[in-house]
Amino acid sequence: MADEKLPTQKENYAEWYNQLVLKAELADYAPVRGCMVVRPYGWALWENITSWLDNEFKACGHVNAAFPTLIPMSFFEKEKEHVEGFSPELAVVTHGGGEKLEEPLVVRPTSETIIGHMYAKWIKSWRDLPILIVQWGSVLRWEMRTKLFLRTTEFYWHEGHTAHATKDEAMEEMYRILDIYEKFCLEEAAIPVIKGTKSDTERFAGAQITTSIEAMMWDKRALQSGTSHYFGPNFSKAFDIQYLDQGNTLQYCETTSWAISSRIIGALIMVHGDDQGLVLPPRLAPIQAVMVPIYRDADQKSAVMPVVDRLFAELKAAGIRVKVDDREEVTPGFKFNDWEMRGVPLRIEIGPKDVEKNSVALARRDIPGREGKSFVSQDNLPATVTGMLTTIQAALLAKATAFRDANIHDPKDYEELKQVVEDGWAYSWWCESKECEAKVKADTKATTRNIPLNQPGGEGRCIVCGEKATRKVYFAKAY
RNA sequence: CGGGGUGUAGCGCAGUUGGCAGCGCACCGCGUUUGGGACGCGGGGGCCGGCGGUUCAAGUCCGCCCACCCCGACCA
């Protein structure tokens, strides 16, 4: 239960975030360092995220499956970049059944290797392709610094792993998924994102191309909110994933993988949250509207509650995720604050005056205080509420988009870039050299986020070295 | 791994020259309250992070260890 005020976002953003996660009962610290317990409210939110994505994946031919948590250590050594990228953060099982294992087992940090191994068994012919499998589960990465949802030792996600006959098909798959991720962020999470390609230094270990969607948090830092990778034949060669083509020639498969993790919940918190707490987009909110009955005594209660019950039934029948807060031990005022902390998009207050006037009071979470309150008729309440939820969903996206756009700058020179990334993003021409990228990082701590797919065209001069550049990139400090 | 900090009731903390372990919130009971975080009265709850040492006596002094949090180098 929310028992205290949060620090404001300006006072202490990190502390605002931590306390919000705990007080909104999204998650709690687990007894193991860096691990979290996702509480029922947080998991309900996650389920709304996963079920939407699951539907989208299935709609374009993907199927779900499950692979083991434990992976032979030797699998990780088969792809050079992959093992180099992941070995620092592997958790390794050395004992089982009271005895030392002959070969250590890795708790999966991602499943390319074991899935590659299985694909090699399953794929013989061009007729077996493509394989489009998604695994829902959790993975473990030994992180040095953790933060609830944003970076935890164990986190939840889906990982899509696909194998194709040709490069074109694999590339198409990578971009198809990136589009789904973008659609999810815009339409469900109300988070504007930028689709783009990662630089070589920011690429996934073992990938030929890594694409990402990048979002701006309230503190103007960037959060990579989803990734989609093209591996070319890297993993196929490491794991012997080969097929016979129509001409009876043995070919290596082209593979991809892609993921959105429970980190996206951190993005929802940081993009929409305010000093009162969480603000959830209606399409993902576990509770879209909460009803708070108001009465002084038994007489008023017996007048109010039948109306509450009737309206609740109507709203529920209309498919709205609605809850009645009928707790007796706390005051309405407390409930207002409590549900605001939890980010419920719409509050419906019903008291004696409303019973008399056939009205209810609606309070929008995204517009705090009096301005967000309106008094509407009880007639056709489901339609009114549905309309309001749609309005709120759109308002959140519009607000987040305006905020992001206002904080992306096009610095004139390197000096200005250094200032800009202190409190925003820079969108600049870049020669794509590691040296210039490293210089920016060393000088400012900002990294390249991605090279957007959507380019202005033409060419310019690298913001760092002044050499010819053909593409623009986003520089920002990132989570 | 480096720097900083904290470990005492579920949470937040106080605890003096070493001398019966406390306060606020939360929790339980009863009553009054209820349109923006109500109040009164009465309760329950402790291996004081762990181990060792000093002492008649340790939450307090000394040593070692452990854990967690915050700030830096890697990552979705």
Side-chain angles (χ1 to χ4, degrees), chain A residues 1-6 12-15 17-19 22-23 28-35 84-90 109-110 138-159 181 198 201-205 210 212-215 222-229 257-267 276-277 292-298 300-301 304 325-341 347-356 359-361 363 368-370 372-373 375 441-442 445 447 478-479:
Chain A
M1 189 185 299
D3 55 350
E4 252 178 67
K5 276 188 179 157
L6 294 169
N12 188 341
Y13 193 62
E15 199 46 34
Y17 180 90
N18 287 337
Q19 289 191 24
L22 299 175
K23 287 178 177 166
D28 201 351
Y29 292 104
V32 176
R33 191 192 79 90
C35 291
E84 282 172 8
F86 279 102
S87 55
E89 50 191 78
L90 296 181
T110 180
S138 70
V139 289
L140 209 75
R141 297 181 186 176
W142 215 259
E143 297 290 349
M144 298 180 214
R145 274 194 63 202
T146 59
K147 197 170 175 69
L148 294 167
F149 288 113
L150 292 177
R151 186 175 302 112
T152 48
T153 299
E154 182 179 20
F155 59 89
Y156 300 88
W157 73 349
H158 64 261
E159 43 182 324
Y181 288 169
K198 285 291 195 180
T201 49
E202 298 283 329
R203 222 176 46 216
F204 179 82
T210 288
S212 73
I213 47 172
E214 303 281 335
L223 185 79
Q224 179 175 310
S225 304
T227 49
S228 184
H229 315 289
S257 85
W258 27 272
I260 277 184
S261 75
S262 43
R263 168 183 256 193
I264 197 76
I265 293 174
Q276 309 307 312
V292 179
I294 292 151
Y295 46 78
R296 277 175 216 284
D297 50 36
Q300 289 190 345
K301 183 181 177 184
V304 166
D325 186 350
D326 57 3
R327 286 178 290 177
E328 298 278 2
E329 69 276 15
V330 290
T331 61
F334 181 93
K335 293 175 183 176
F336 296 171
N337 288 285
D338 197 25
W339 292 110
E340 281 169 7
M341 175 73 73
R347 182 177 68 241
I348 304 171
E349 303 169 20
I350 303 169
K353 286 181 233 164
D354 297 300
V355 172
E356 220 171 277
S359 66
V360 303
R370 211 166 284 269
K373 266 201 184 188
F375 299 88
K441 188 173 181 182
K445 289 177 188 165
T447 51
Y479 273 95

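A note on names: the letters A, B, ... follow the listed sequences, proteins ahead of strands, and every chain is numbered from 1.
- Between the C1' atoms of C48(B) and A21(B), the separation comes to 8 Å (whole Å).
- As the counterpart of U60(B), no nucleotide is assigned, since no Watson-Crick or G-U wobble pattern has both distances under 3.5 Å.
- Judged by Watson-Crick or G-U wobble contacts below 3.5 Å, the nucleotide G72(B) has C1(B) as its partner.
- Summarising the geometry, the separation between CD on E84(A) and P on C75(B) is reported as 12 Å, rounded to the nearest angstrom.
- Taking the side chain as every heavy atom from C-beta outward, Y479(A) and Q224(A) never approach each other to under 4.5 Å.
- Annotation: of the two residues near RNA chain B, T201(A) and K147(A), the 5′-most nearest-nucleotide partner is K147(A).
- Distance check on atom C1': C23(B) versus U8(B) gives 12 Å, rounded to whole Å.
- When heavy atoms are screened at a 4.0 angstrom cut-off, Q224(A) is found touching the sugar-phosphate backbone but no base atom.
- Base pairing analysis places C27(B) opposite G43(B); the two distances defining the Watson-Crick or G-U wobble pair are each below 3.5 Å.
- Atom C1' of nucleotide G37(B) and atom CD of E329(A) are separated by 14 Å, given to the nearest angstrom.
- Atom CG of L22(A) is separated from atom C1' of A26(B) by 15 Å (rounded to the nearest Å).
- Note: OH (Y17(A)) to P (C69(B)) measures 14 Å, nearest angstrom.
- Residue D338(A) contributes atom CG, which lies 13 Å from atom C1' of A26(B) at whole-angstrom precision.
- Counting heavy atoms from C-beta on, the side chains of V139(A) and F155(A) come closer than 4.5 Å.
- Nucleotides C61(B) and G3(B) are separated by 24 Å at their P atoms, to the nearest Å.
- Here the separation of G45(B) from A26(B), taken at their C1' atoms, is 12 Å to the nearest Å.
- Nucleotides C27(B) and G52(B), compared at atom C1', are 37 Å apart to the nearest Å.
- Atom name C1', nucleotides C56(B) and G40(B): the rounded distance is 46 Å, in whole Å.
- Atom P of G7(B) sits at a distance of 13 Å from the matching atom of U60(B), rounded to the whole Å.
- Residue contacts shown for R347(A) include a base, since a base heavy atom lies under 4.0 Å away.
- Here the side chain of N337(A) pairs no donor or acceptor atom with the backbone of F334(A) at under 3.5 angstrom.
- Contact between S225(A) and I260(A) at its shortest, heavy atoms only, is O-CG1, 3.5 Å.
- Rounded to an integer number of Å, the gap from CZ of F86(A) to C1' of C75(B) is 8 Å.
- K23(A) has no side-chain polar atom (N or O) that falls below the 4.0 Å cut-off from OP1 or OP2 of C25(B).
- For C68(B) and U33(B), the P atoms lie 50 Å apart once the distance is rounded to whole Å.
- Side chain of E202(A) to backbone of K198(A): no donor-acceptor contact under 3.5 angstrom is found.
- Under the Watson-Crick or G-U wobble criterion, with both distances below 3.5 Å, A67(B) is paired with U6(B).
- In this structure C20(B) sits in no base pair that meets the Watson-Crick or G-U test at under 3.5 Å.
- Mapping E15(A) and K445(A) onto RNA chain B via the closest heavy atom, the residue that lands nearer the 5' end is E15(A).
- The partner of U32(B) is A38(B), by the rule that a Watson-Crick or G-U pair needs both atom distances under 3.5 Å.
- A donor-acceptor pair under 3.5 Å links the side-chain atoms of Y17(A) to the main chain of L148(A), judged by distance alone.
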Can you give me the N/O atom pairs linking the protein to nucleotides 32-35 of chain B at distances under 3.5 Å, or say none if there are none?
unit_1: U34(B); atom_1: OP1; unit_2: R296(A); atom_2: NH1; d: 3.1
unit_1: U34(B); atom_1: O2'; unit_2: Y295(A); atom_2: O; d: 3.1
unit_1: G35(B); atom_1: O6; unit_2: G351(A); atom_2: N; d: 3.4
unit_1: G35(B); atom_1: O6; unit_2: G351(A); atom_2: O; d: 3.4
unit_1: G35(B); atom_1: O6; unit_2: P352(A); atom_2: N; d: 3.2
unit_1: G35(B); atom_1: O6; unit_2: K353(A); atom_2: N; d: 2.9
unit_1: G35(B); atom_1: O6; unit_2: D354(A); atom_2: N; d: 3.4
unit_1: G35(B); atom_1: O6; unit_2: D354(A); atom_2: OD2; d: 3.3
unit_1: G35(B); atom_1: N1; unit_2: D354(A); atom_2: OD2; d: 2.5
unit_1: G35(B); atom_1: N2; unit_2: E349(A); atom_2: OE1; d: 3.2
unit_1: G35(B); atom_1: N2; unit_2: D354(A); atom_2: OD2; d: 3.4

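- With a 3.5 Å ceiling on both atom-pair distances, U55(B) lacks any Watson-Crick or G-U wobble partner.
- The backbone N or O of I350(A) sits nowhere less than 3.5 Å from a side-chain atom of Y295(A) that would complete a donor-acceptor pair.
- To the nearest angstrom, C1' of C75(B) lies 12 Å from CH2 of W157(A).
- We find that OH of Y479(A) is positioned 18 Å from P of C74(B), with the value rounded to whole Å.
- Side-chain atoms of T152(A) and C35(A), non-hydrogen and from C-beta on, never get closer than 4.5 Å to each other.
- Contact annotation: side chain of R151(A) to base of C75(B), donor-acceptor pair present below 3.5 Å.
- Nucleic acid contact class of E340(A) (heavy atoms, under 4.0 Å, all strands): base.
- Contact annotation for T447(A): no contact, since no heavy-atom pair falls under 4.0 Å across all strands.
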Verdict with supporting geometry, M341(A) and L6(A), side chain to side chain contact (heavy atoms under 4.5 Å, CB included): CA-CA 9 Å; M341(A) 175 73 73; L6(A) 294 169; 3.9 Å; yes
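- Between F86(A) and F204(A), the distance separating the two ring centers is shorter than 6.0 angstrom.
- Residue contacts for L150(A): at a heavy-atom cut-off of 4.0 Å it reaches a base atom on one of the strands shown.
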